[in-house]
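Heads up, the thing below is written out as structure tokens.
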Amino acid sequence: MEKRRTDCPALPPGWKKEEVIRKSGLSAGKSDVYYYSPSGKKFRSKPQLVRFLGSSVDLSCFDFRTGKMAPGKLQKSKQRTRHDPGSGKPDLNTALPIRQTASIFKQPVTKVTGHPGNKVKSDQQRATEQPRQLFWEKRLKGLRSSDVTQETLRTMDLPSGLHCIGPDPSEDCLLWAISSALHLSSGPISGQSSSAEKNPAVWINCSQPPCRSFTVTEQHIRVQEQVVNQVRRSLEEALTADTLARTAESTRERRAR
DNA sequence: GCCACCGGTGGC
DNA sequence: GCCACCGGTGGC
């Protein structure tokens with residue numbers, strides 16, 4: 001086992017696991033486990049793996065030390081979340097679907113080259129397109145966003161008339177699917193073909209959300225404009241209130257001194 | 001400068 | 001007390 005890289009069936013093809021026994025020091029005899037990506041990048045911890053693999057692999061049951069999936073064990077592994085004291089919040093460990101989904105969004109990255117010491121690291125394998133899971137929306141089922149007081153936030157309303165197809169025809173899934181499609185695609189979002197509706201598992205078009213083909217009308221656009229305007233007004237009011245509160249606060253502090 | 005390696009520490 | 005995780009550094 002020592003210093004030999006072995007295949008790791010629980011990870012995608014090409015990933016290797018290595019166990020290195022400590023030879024000296026107080027921890028002599030203990031071992032460190034490392035993983036190597038197909039491109040040779042070394043990983044020292046599960047959080048590091050999760051950050052890298054994002055939504056492409058579900059590592060919630062992955063046991064970093066053994067390199068195997070631990071089924072049914074309710075993942076009681078000692079995953080630490082540094083800088084997060086925890087609270088009554090739902091399980092925010094590595095299985096966090098929100099994070100995994102967020103990572104599929106193609107977000108712009110600013111490459112700063114102005115500083116002489118700067119280095120830009122890149123991983124070609126990671127940069128290229130990753131395979132996507134069919135009906136991934138189901139993984140988000142039952143999750144709700146909440147504000148700092150744990151109050152569940154109201155989700156967005158989709159325009160009526162959208163008809164979800166696939167294994168989970170709930171409106172939640174459709175909302176996630178459509179917002180994700182809008183992020184990922186530069187083309188129009190129009191739904192699935194009629195054959196996909198008959199047998200989604202075979203005919204689904206991954207670049208479109210799993211819903212019946214639809215058309216966006218002038219009326220839809222008008223309604224959405226109103227919604228956006230309303231939200232902007234609310235935001236403006238909140239920001240104004242916040243500025244006023246801060247000013248009042250600093251005035252009070254100055255007077256107290 | 002890189003990285004293999006061990007130590008330190010926080011969460012359990 | 002154990003150990004997952006990651007910081008730090010000596011050796012190259």
Side-chain angles (χ1 to χ4, degrees), chain A residues 1-105 107 109-128 130 133 139-140 142-151:
Chain A
M1 193 53 127
E2 191 188 2
K3 275 266 172 189
R4 206 155 46 88
R5 295 189 191 179
T6 54
D7 287 323
C8 184
L11 294 176
W15 281 80
K16 301 272 182 190
K17 172 174 181 280
E18 179 188 55
E19 183 161 2
V20 181
I21 313 288
R22 297 190 173 191
K23 292 184 286 292
S24 60
L26 293 169
S27 51
K30 294 192 181 295
S31 66
D32 293 298
V33 175
Y34 304 113
Y35 289 85
Y36 294 86
S37 73
S39 62
K41 184 173 159 64
K42 187 178 185 178
F43 293 83
R44 307 201 294 158
S45 69
K46 185 169 169 180
Q48 201 188 353
L49 269 183
V50 171
R51 278 196 297 276
F52 183 81
L53 287 166
S55 59
S56 60
V57 183
D58 180 7
L59 293 174
S60 53
C61 297
F62 183 71
D63 184 314
F64 191 84
R65 181 149 281 276
T66 63
K68 294 172 183 157
M69 290 295 179
K73 275 208 154 186
L74 248 134
Q75 11 157 319
K76 58 162 226 167
S77 61
K78 307 183 177 186
Q79 287 151 356
R80 280 215 329 246
T81 45
R82 285 200 175 184
H83 317 302
D84 176 16
S87 56
K89 286 180 187 160
D91 184 16
L92 289 178
N93 69 14
T94 52
L96 188 65
I98 293 292
R99 175 178 179 134
Q100 291 179 358
T101 307
S103 68
I104 66 174
F105 293 159
Q107 304 211 347
V109 174
T110 310
K111 180 176 167 183
V112 180
T113 52
H115 306 292
N118 256 21
K119 254 193 233 171
V120 179
K121 290 191 177 179
S122 69
D123 190 314
Q124 278 311 312
Q125 204 129 11
R126 173 75 178 157
T128 52
Q130 293 192 12
Q133 188 180 25
R139 295 165 57 137
L140 299 175
L143 287 167
R144 288 280 172 281
S145 51
S146 57
D147 65 14
V148 286
T149 65
Q150 310 281 304
E151 184 84 17

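Sequence lines set the chain letters: A, B, ... in the order given, protein chains first and strands last, and positions in each chain run from 1. Computed from heavy atoms alone, side chains included, the values below leave out hydrogens, waters and symmetry copies.
- A:R44 is linked by a salt bridge (charged side-chain N to carboxylate O under 4.0 Å, His left out) to nothing, counting only residues two or more places apart in sequence or in another chain.
- Not counting sequence neighbours, the partners of A:Y35 by the ring pair (Phe, Tyr, Trp, His ring centres under 6.0 Å) test are A:F62, A:F64.
- Nearer to the 5' terminus of DNA chain C, by closest-nucleotide assignment, is the contact made by A:R65 (compared with the other of A:R44 and A:R65).
- For A:P47, taking side-chain heavy atoms from C-beta onward, the closest of the listed nucleotides C:dC3, C:dC6, B:dC5 is C:dC6.
- Put simply, the side chain of A:L11 reaches to within 4.5 Å of the side chain of A:L53, judged on heavy atoms.
- Comparing atom distances between the A:K42 side chain and each of B:dA4, B:dG7, C:dC5 picks out B:dA4 as nearest.
- Atom OH in A:Y35 sits about 15 Å away from atom P in C:dC6, given to the nearest Å.
- The CD-C1' distance, from A:Q48 to C:dA4, rounds to 13 Å in whole Å.
- Taking atom CG of residue A:D32 and atom P of nucleotide B:dC6, one finds them 8 Å apart after rounding to whole Å.
- Taking five base pairs at each end of the helix from B:dG1-C:dC12 to B:dC12-C:dG1, the local helix axes there meet at an angle of 10°, rounded to 10°.
- In this structure, A:L59 atom CG and C:dA4 atom C1' are separated by 15 Å, rounded to whole Å.
- No engagement by A:F43 is indicated, since no non-hydrogen atom pair under 4.0 Å with the nucleic acid exists.
- As a whole-Å value, the separation of A:L26 CG from B:dT9 C1' is 14 Å.
- Phosphate contact (OP1/OP2 of C:dA4, side-chain N/O of A:K46, threshold under 4.0 Å): absent.
- For A:P9, there are no side-chain contact (heavy atoms from CB on, under 4.5 Å) partners two or more places apart in sequence or in a different chain.
- When the P atom of B:dC3 is taken as reference, atom CZ of A:R22 falls 19 Å away, rounded to whole Å.
- The listed nucleotides are B:dC5, C:dC5, B:dG7; the one nearest the side chain of A:S45 is C:dC5.
- Shown here are the side-chain contact (heavy atoms from CB on, under 4.5 Å) partners of A:K30, two or more places apart in sequence or in another chain: A:S27.
- Nearest nucleotide to the side chain of A:S24, out of B:dC5, C:dC5, B:dC6: B:dC6.
- Atom OH in A:Y34 sits roughly 8 Å away from atom P in B:dC6 (whole-Å rounding).
- The side chain of A:S27 sits closest to B:dC6 out of C:dC5, B:dC6, C:dG7.
- Two residues are said to be in side-chain contact when any heavy atoms from C-beta on lie closer than 4.5 Å; A:D32 and A:R22 meet this criterion.
- Closest contact between the side chain of A:R51 and the listed nucleotides C:dC5, B:dG7, C:dC6 involves C:dC6.
- Rounded to an integer number of Å, the gap from A:K23 NZ to B:dA4 C1' is 8 Å.
- In this structure A:D7 satisfies the side-chain contact (heavy atoms from CB on, under 4.5 Å) test together with A:K16, sequence neighbours excluded.
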